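Let me begin by presenting the structure, written as structure tokens, before commenting on it.
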Amino acid sequence: MRRLIVAANWKLQKNPQESRSFVIEFMASLGQPKCEIVIFPQALSAFAVAESLKGEVKWGGQNSYHESSGAFTGENSAQVLKTMGASYVLIGHSERRKLFGESDDLLSKKIVSAQKIGLTPMFCVGEDISEREAGRTQIVISEQLKKGLAAADFSKPLAIAYEPVWAIGTGKVATPEQAEEAHAYLRAVLKSISGSSVSMETPMLYGGSVKAENASSLIKKNNIDGFLVGGASLEAKSFAAIVEACKK
Ligand code: PGA
């Protein structure tokens, strides 16, 4: 069975002190998780998260540049994330694509460099509402997947997150059927570019208005291997409740 992952995307929230308090409260409310847990803090709180996390909980960067060092003012180095103990890096979140203009070509380079350094990219894809309403969901997500993974090393770990843009931060979660349809399709596309064992082993997370109340029905679907959670990951108890719901 594929491993399950529940990840917290804190976006531009939580200063170092708030991050430490979260970790303490979260670890105390955690039962016996049946999934891997990952926290994505903003870069300036990464050290606080790294030093307060204990045990099995992992963390990652919300972004990393494809060059490890040099004249790239304001960027984050994948190499430094790795040195600080990060396991993952989010690549291609819709906010990076839309607000910061990150292209498929740039995302592809970021995936290559993260994998080389030994970080697992959690690569995000998803259609917006006009694309869904125009019946273009499959075209959009398969293009994002193929272009982003054009130079990926399939012998190294990878995770995918399907996050329909219309569901992010809106309270409009995809139905389990809508999410499963997209995940099954993405898995078929991944199989066509990487080979079957990679597509079967790669965890595919759903993201977009996930809460404890909708997590249990989503996780029952065959191709849904966990969640990337924004708003509901900001409180330790609600994030712990989603972790609790994440079992097959
Ligand atoms: P949300 O965000 O859970 O607040 O919808 C998810 C994400 O952006 O990763």
Side-chain angles (χ1 to χ4, degrees), residues 2 4-12 38 40 60-63 88-108 110-111 114 120-150 152 158-194 199 202-211 214-215 217-219 221-233 242 246:
R2 281 183 298 272
L4 305 180
I5 306 175
V6 175
N9 176 11
W10 288 350
K11 311 192 179 187
L12 196 53
V38 187
F40 291 102
Q62 290 181 8
N63 178 32
Y88 283 85
V89 62
L90 273 184
I91 308 270
H93 189 280
S94 73
E95 287 149 20
R96 300 291 323 164
R97 292 176 188 264
K98 292 254 150 70
L99 303 176
F100 300 96
E102 295 197 355
S103 65
D104 293 314
D105 183 45
L106 177 69
L107 299 176
S108 163
K110 288 182 172 203
I111 288 176
T120 301
M122 187 173 285
F123 180 49
C124 307
V125 300
E127 81 289 359
D128 66 23
I129 191 63
S130 60
E131 291 162 340
R132 175 158 282 262
E133 284 173 352
R136 299 188 63 244
T137 297
Q138 293 195 341
I139 298 169
V140 170
I141 62 179
S142 72
E143 283 214 344
Q144 289 174 342
L145 195 78
K146 284 183 187 162
K147 290 180 176 167
L149 297 180
L158 172 73
I160 308 287
Y162 168 62
E163 296 205 308
V165 180
W166 48 270
I168 296 178
T170 59
K172 282 188 209 147
V173 65
T175 63
E177 291 69 31
Q178 284 173 321
E180 172 64 11
E181 190 184 7
H183 283 224
Y185 180 71
L186 286 169
R187 209 178 290 287
V189 176
L190 186 57
K191 182 174 176 184
S192 74
I193 56 178
S194 70
S199 76
T202 302
M204 211 167 271
L205 283 61
Y206 167 79
S209 297
V210 173
K211 297 186 178 53
N214 52 41
S217 52
L218 285 159
I219 200 68
K221 294 294 182 187
N222 246 348
N223 287 288
I224 299 181
D225 308 318
F227 306 109
L228 179 55
V229 188
S233 73
I242 295 170
C246 192

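On a predicted model such as this, the values are computed, not experimentally measured, just so you know.
- Residues passing the salt bridge (charged side-chain N to carboxylate O under 4.0 Å, His left out) test with Arg136: none are found, sequence neighbours excluded.
- Of the possible polar contacts, none joining the Gln144 side chain to the Asp104 backbone as a donor-acceptor pair under 3.5 Å is found.
- Contact record, Leu218 with Ile224: O-CD1, 3.4 Å, taken as the closest heavy-atom pair.
- Here the closest heavy-atom approach between residue Gly126 and residue Val140 is recorded as O-CG1, 4.3 Å.
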Practice prompt. Take Asp128 and Ser130 through the side-chain hydrogen bond (donor to acceptor under 3.5 Å, both in side chains) test and state the conclusion after the steps.
Written response: CA-CA 6 Å; Asp128 66 23; Ser130 60; 3.0 Å; yes
Discussion item. Gln138 vs Glu127, test: side chain to side chain contact (heavy atoms under 4.5 Å, CB included). Steps then yes/no.
Written reply: CA-CA 8 Å; Gln138 293 195 341; Glu127 81 289 359; over 6 Å; no
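- The aromatic rings of Tyr162 and Tyr206 sit tilted relative to each other, their planes meeting at an angle between 30° and 60°.
- For Lys191, the NZ atom sits in a loose shell: 12 or fewer heavy atoms of surrounding residues, nucleotides or ligands are nearer than 6.0 Å.
- Here the shortest heavy-atom pairing between Cys124 and Leu228 reads SG-CD2, 4.0 Å.
- In this structure, Glu181 places its CD atom where only 12 or fewer heavy-atom neighbours from other residues, nucleotides or ligands lie under 6.0 Å away.
- Of the possible donor and acceptor atoms, one in the side chain of Arg187 sits under 3.5 Å from a partner among the backbone N and O of Ser199.
- Counting only heavy atoms from C-beta outward, the side chains of Ser94 and Ile168 approach each other to under 4.5 Å.
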Worksheet item: Can you list the steps and then say if Asn63 with Glu102 is a side chain to side chain contact (heavy atoms under 4.5 Å, CB included)?
Response: CA-CA 11 Å; Asn63 178 32; Glu102 295 197 355; 3.9 Å; yes
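- Checked against Arg97 for a side chain to side chain contact (heavy atoms under 4.5 Å, CB included), the options Val165, Val125, Leu106 give a single hit: Val125.
- Put simply, the side chain of Asn223 does not reach to within 4.5 Å of the side chain of Met204, judged on heavy atoms.
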Item to complete: Could you walk me through whether Glu163 and His93 pass the side-chain hydrogen bond (donor to acceptor under 3.5 Å, both in side chains) test, one step at a time?
Response: CA-CA 8 Å; Glu163 296 205 308; His93 189 280; 3.2 Å; yes
